[in-house]
Amino acid sequence: MSDRSPACWRRMHLRWLYLSGEDRAPFALYHTNRKLTMEPKVTVNARIVVVGASDTGLAFLEALTFCPHLRFNNLTLISTHGFPDRCSDDNMRFLATSSATLMQDLFLHSHCYSDLDQAWLSLRSWISVVTGKMKAIDREAKHVELMENGKVKYDYLILCTGLQYQMPSLTSTNATTQKTNSVNPYQPKHRHIQAVPSNLFTLNDQHDCSHVHQWLMDNFEKLTGDAVLYGNTIDVFTCVETLMRLGVSGYQIHVVHPPEDNPTSCFPNESVKHAVKQALEKEKVHVHYDCLLTQINDGQHIDVVTSVSFITDAQTLQLECAVFFCFSHKTVDYDAFKAINDACLVFDGRLVIDSTFHTNDPFIYAAGPLTKYSRRYHADQWSDSCFHSKEVGQSLASVVLPLCDPTLEHPAGPLSDHDHLIPVYNQPKIQGGRLPGGYDYLYVTKPTANRDKTATQNLQGRDIVTGRTETGNYFHLHLSPHDVVESITCLSKNTLPVSNLLCLYRKHQLLLNHLCSRYDEGLVHDMYSYFRENWCLALHHDRFADFEQEVRQIMDSAKLEGENGSVSIQEALQKIVDDKAESDQSMSLSEVFQKSEAYSALRKSVLDYLKYNRYHLTMYARPGLL
């Protein structure tokens with residue numbers, strides 16, 4: 001029996017791997033004690049079916065599985081390729097660790113669930129996995145029909161299929177006879193209805209990457225021609241790096257960027273963009289801009305792609321092709337769309353939901369990039385794709401859990417949508433992967449509306465930068481006007497300690513050992529080593545978030561004695577702001593706070609945190625230690 005609170009062990013193991021190197025075999029710790037075996041749980045037999053093994057769906061299942069007082073007996077996951085862990089793929093069992101790592105680097109990482117996370121959680125121990133694809137939803141009979149003619153009954157259906165790369169429908173223009181100086185600014189994004197050639201790939205999950213990896217190992221060296229990658233996303237560049245690590249020469253790779261209505265770089269940071277461009281030039285990778293895919297194999301329907309044709313604003317581009325990767329755009333899978341549409345669920349470019357994840361069927365919920373908010377919220381620029389997928393899945397679980405908990409009184413009607421306000425999420429959006437040049441890339445930023453993706457380039461506040469992309473130690477922090485970390489950009493030749501770097505998000509610079517003043521004084525030359533110093537280990541600890549929450553509760557409930565009686569800290573600070581008080585009044589407020597009971601409670605909380613975690617935080621002095 002495994003521990004029902006595995007977060008601590010996961011963080012300890014990651015820290016051990018980082019300090020001791022990555023060559024050691026990972027381990028799993030299963031702990032059983034009397035509390036775990038005798039803990040009473042209420043059995044829930046409701047049939048909850050999740051369609052799609054996305055990060056959102058896995059987070060939802062994790063929240064239900066590790067609910068401390070409920071035991072779910074009927075959790076089912078429907079996924080095209082089964083559970084998304086590499087160990088479950090029989091075709092991958094023979095691969096060496098290095099080869100499996102290359103396979104994972106084919107696309108960008110969200111850092112929600114790694115293979116180790118899935119192994120430690122062992123969700124398959126509590127979840128029934130149905131390998132198949134959803135064909136239809138029968139809302140009256142309450143079951144999901146599969147492509148293989150199977151049926152899965154449900155009491156609550158959760159749709160988390162996400163978005164997938166699709167093969168775009170080709171333009172009707174004949175590339176061989178095109179005579180024009182302008183490119184059609186809009187490429188049709190309808191479904192490609194013809195059979196997909198065997199060497200044309202769209203990478204959407206680990207199963208696709210496993211298949212591509214094996215195909216490259218078996219076929220690419222025997223074929224004549226080049227590898228063509230079509231699209232504007234970061235996945236194009238992570239795929240280029242993987243191909244070169246597999247032994248494909250740079251001059252055999254063609255990167256083709258299609259035109260866009262709102263051209264924006266997939267790299268918000270100009271230094272990162274320049275470093276990737278230089279790496280591609282060094283490896284002699286061919287890069288083509290504003291090219292619209294028009295034909296494959298000169299319009300002939302052949303099982304293998306041998307040539308692809310594009311039009312630009314100046315000429316026609318035709319490339320001989322041995323393998324074609326399509327990263328042009330993501331959209332809802334056609335089979336999923338057909339099942340949703342035929343079930344009369346409201347679909348407006350995406351599956352429409354309200355602020356509590358309800359569709360127009362009270363027993364069907366949806367979350368993740370598949371969805372969009374109803375137009376009554378007047379928030380078309382926001383969707384679940386703007387937020388951290390794992391946090392969205394946990395929020396969805398918080399909505400569904402009260403419906404299944406027999407110890408609670410079920411609400412008479414649907415939950416309130418809080419006066420048509422969309423949910424507020426706090427966790428950042430995370431992107432990471434291997435980029436050309438051997439760079440390990442990490443970009444962490446606050447959630448941003450779809451229309452304002454470029455706004456992150458012109459944020460107010462200040463930037464703190466150390467290192468250079470040329471030396472492989474680039475580190476960029478952006479602070480808000482209130483000196484809080486809003487974005488983190490790392491580009492390194494070394495493996496990044498991602499779990500530790502994520503702890504810096506939304507931290508004030510004073511908490512980071514007075515980072516701004518030290519940086520201005522020239523004392524911080526390398527933030528990688530700076531955040532590995534002993535003072536920072538308390539922030540990296542997995543219990544620090546709980547400690548922060550405890551401190552906030554103390555500060556929120558604190559009362560200060562003043563001339564007009566007791567007031568809260570927020571009221572005292574607001575009065576100083578309204579009166580435009582000078583610094584001496586602020587100092588007076590500090591003196592009053594140090595004499596209050598809140599200060600004693602705050603001091604005790606800090607000392608308790610250091611004492612309770614002393615086996616990890618031995619570098620901090622405590623009362624009575626000296």
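We number each residue from 1, following the sequence as shown.
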Check: [Y] and [X] side chains under 4.5 Å, non-hydrogen atoms:
X    : Y    : answer
R518 : N513 : yes
K273 : P268 : no
L477 : I488 : yes
F544 : H540 : no
E391 : N426 : yes
F547 : S605 : yes
S487 : V444 : no
L502 : I430 : yes

**Message:** Test side-chain hydrogen bond (donor to acceptor under 3.5 Å, both in side chains) on N473 and R468; report intermediate values, then the result.
**Reply:** CA-CA 6 Å; N473 62 341; R468 297 183 302 123; over 6 Å; no

What distance do [X] atom [atom1] and [Y] atom [atom2] have between them, rounded to the nearest 0.5 Å?
X    : Y    : atom1 : atom2 : result
H274 : T469 : NE2   : OG1   : 6.5 Å
E533 : C536 : CD    : SG    : 8.5 Å
S122 : F83  : OG    : CZ    : 8.0 Å
L401 : L408 : CG    : CG    : 9.5 Å
K559 : S568 : NZ    : OG    : 5.0 Å
K429 : Y443 : NZ    : OH    : 11.5 Å

**Prompt:** Does CD belonging to E597 count more than 12 external heavy atoms closer than 6.0 Å?
**Reply:**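 Check fails, neighbour count at 12 or below.
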
**Message:** Within the supplied structure, the quantity of interest is the number of heavy atoms (other residues, nucleotides, ligands) at a distance under 6.0 Å from H508 NE2; does it exceed 12?
**Reply:** yes

For a quick test of reading the model, state the closest non-hydrogen atom pair linking [X] to [Y] and the distance between them.
X    : Y    : answer
L515 : F531 : CD2-CZ, 4.3 Å
R434 : E241 : O-CB, 3.7 Å
A366 : T371 : CB-CG2, 3.6 Å
G467 : Y474 : O-CD1, 4.0 Å
L602 : M555 : CD2-SD, 4.3 Å
S355 : P423 : O-CG, 3.4 Å

Is there a donor-acceptor pair closer than 3.5 Å between any side-chain N or O of [X] and the backbone N or O of [Y]?
X    : Y    : result
Y528 : T466 : no
K507 : L512 : no
Y519 : H525 : no
R614 : K611 : yes
Q509 : C516 : yes
H482 : V484 : no
Y156 : V50  : no
S492 : D440 : no
N613 : H616 : no
T242 : T238 : yes

When you check the gap from the basic side-chain N to the acidic O, do [X] and [Y] get nearer than 4.0 Å?
X    : Y    : result
D520 : R462 : yes
D608 : K604 : yes
K493 : E470 : no

**Plane angle bin for Y373 and Y377 - parallel if under 30°, tilted between 30 and 60°, otherwise perpendicular** =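 Answer is perpendicular, since the angle exceeds 60°.
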
**Request:** Classify the ring geometry between Y425 and F387 as parallel (under 30°), tilted (30 to 60°) or perpendicular (over 60°).
**Result:** tilted

**Item:** side-chain hydrogen bond (donor to acceptor under 3.5 Å, both in side chains) between S110 and D55, worked out
**Value:** CA-CA 9 Å; S110 63; D55 291 334; 2.7 Å; yes

**Asked** After noting the C-alpha distance and the side-chain angles of F237 and F267, does the key distance pass the ring pair (Phe, Tyr, Trp, His ring centres under 6.0 Å) rule?
**Response** CA-CA 11 Å; F237 301 99; F267 298 109; 5.3 Å; yes

**Asked** Looking at D463, T489, T445, which hits side chain to side chain donor-acceptor pair (under 3.5 Å) with H478?
**Response**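 The passing option is D463.
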
**Request:** In sequence, state the C-alpha distance, the side-chain angles, and the governing distance for L496 and Y441, and then conclude on side chain to side chain contact (heavy atoms under 4.5 Å, CB included).
**Result:** CA-CA 8 Å; L496 294 173; Y441 175 64; 6.0 Å; no

**Item:** From CA spacing to verdict: side chain to side chain contact (heavy atoms under 4.5 Å, CB included), K41, L70
**Value:** CA-CA 5 Å; K41 293 181 180 293; L70 299 178; over 6 Å; no

**Message:** Using ring centroids (six-membered ring only for Trp), state whether F357 and Y365 fall under 6.0 Å.
**Reply:**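 Centroid separation for Y365 and F357: 6.0 Å or greater.
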
**Message:** Using side chain to side chain contact (heavy atoms under 4.5 Å, CB included), reason through S128 and L75 one step at a time and then give a plain yes or no.
**Reply:** CA-CA 6 Å; S128 300; L75 296 178; over 6 Å; no

**Message:** Side chains of Y113 and E62 only: does a donor on one sit below 3.5 Å from an acceptor on the other?
**Reply:** yes

**Item:** Donor on one side chain, acceptor on other, N74 and N45, under 3.5 Å
**Value:**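 On atom types as modelled, these side chains do not qualify, holding no pair under 3.5 Å.
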
**Option among T65, L61, T43, L64 that satisfies the side-chain contact (heavy atoms from CB on, under 4.5 Å) test with F72** = L64

**Prompt:** Hey, mind stepping through Q427 and Q394 against side chain to side chain contact (heavy atoms under 4.5 Å, CB included) and telling me if it holds?
**Reply:** CA-CA 12 Å; Q427 294 185 23; Q394 293 168 346; 4.0 Å; yes

